[in-house]
Amino acid sequence: MMRFLRSPSFRAGRVMVLGAVALGALAIAHPKPAEAWWRGGYWYGPPVPPPVYYAPRPYYAAPPVYYAPPPLPPTVYYPPPASYGPGPTARSCYASPVVCPMEVPRPIGVGCYCSDGAGGRVWGRTG
């Protein structure tokens, strides 16, 4: 049986077992994660995280805009515009069959009336 323990195949197996035990002890004693950069491989599953609901941004209204007040009018005296006198006036009323004088002058072209003698009125225009 001693001969078996000294055979090269048993010695190789013993070295492999001792190496695996040493590698396991090293992994337990050094818990820092590996920092390797791996450049290949396949990804199974969704490439993005699941959708997350984000609330809409709050709406902030712009502050009111301040406008400067209009400038004050100049303190210069301006004379009032020239006033115009009354237009031409008429003192007679032309009602269809009759022309009669009026007591008060009226502008030309406005409505007027004359008495018809029976207490009624005949309408016409000044002229």
Side-chain angles (χ1 to χ4, degrees):
M1 173 133 177
M2 280 300 220
R3 193 176 223 192
F4 176 71
L5 293 176
R6 292 187 183 193
S7 69
S9 62
F10 183 73
R11 201 176 308 159
R14 190 171 50 181
V15 168
M16 288 177 51
V17 168
L18 287 176
V21 169
L23 187 62
L26 182 65
I28 292 172
H30 191 59
K32 185 177 178 185
E35 295 180 3
W37 185 34
W38 188 50
R39 295 180 184 225
Y42 294 99
W43 175 261
Y44 296 106
V48 293
V52 178
Y53 174 73
Y54 293 104
R57 294 182 176 164
Y59 174 75
Y60 295 107
V65 178
Y66 174 75
Y67 292 103
L72 297 174
T75 56
V76 178
Y77 173 74
Y78 294 106
S83 61
Y84 300 102
T89 58
R91 300 201 114 213
S92 58
C93 180
Y94 295 96
S96 181
V98 190
V99 176
C100 61
M102 294 189 301
E103 297 175 0
V104 179
R106 306 268 322 259
I108 294 177
V110 297
C112 63
Y113 66 92
C114 294
S115 308
D116 64 353
R121 295 179 177 174
V122 179
W123 292 94
R125 297 253 174 218
T126 60

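- In the hydrophobic clustering, where aliphatic and aromatic side chains (Ile, Leu, Val, Met, Phe, Trp, Tyr) are joined below 4.5 Å either directly or transitively, V99 groups with Y94.
- Contacts of V98 classified as side chain to side chain contact (heavy atoms under 4.5 Å, CB included), with partners at least two apart in sequence or in another chain: none.
- To the nearest 0.5 angstrom, E103 atom CD is 10.0 Å from R91 atom CZ.
- Closest non-hydrogen pair, V122 versus S96, comes out as CG1-N, 4.5 Å.
- Among residues at least two apart or in separate chains, disulfide (SG to SG under 2.5 Å) pairs with a member in residues 64-95 are C93-C112.
- Applying the side chain to side chain contact (heavy atoms under 4.5 Å, CB included) criterion to V76, with sequence neighbours excluded, gives P74, Y78.
- Of the inter-residue distances, the one linking C100 atom SG with D116 atom CG reads 11.0 Å to the nearest 0.5 angstrom.
- Of all heavy-atom pairs spanning A90 and I108, the tightest one is CB-CG1, 4.1 Å.
- As a member of the Ile/Leu/Val/Met/Phe/Trp/Tyr network built from side-chain separations under 4.5 Å, M16 groups with nothing else and remains a singleton.
- Residues that satisfy the side chain to side chain contact (heavy atoms under 4.5 Å, CB included) test with P107, not counting sequence neighbours, are V110.
- Between the T126 side chain and the G109 main chain, a donor and an acceptor come within less than 3.5 Å of each other.
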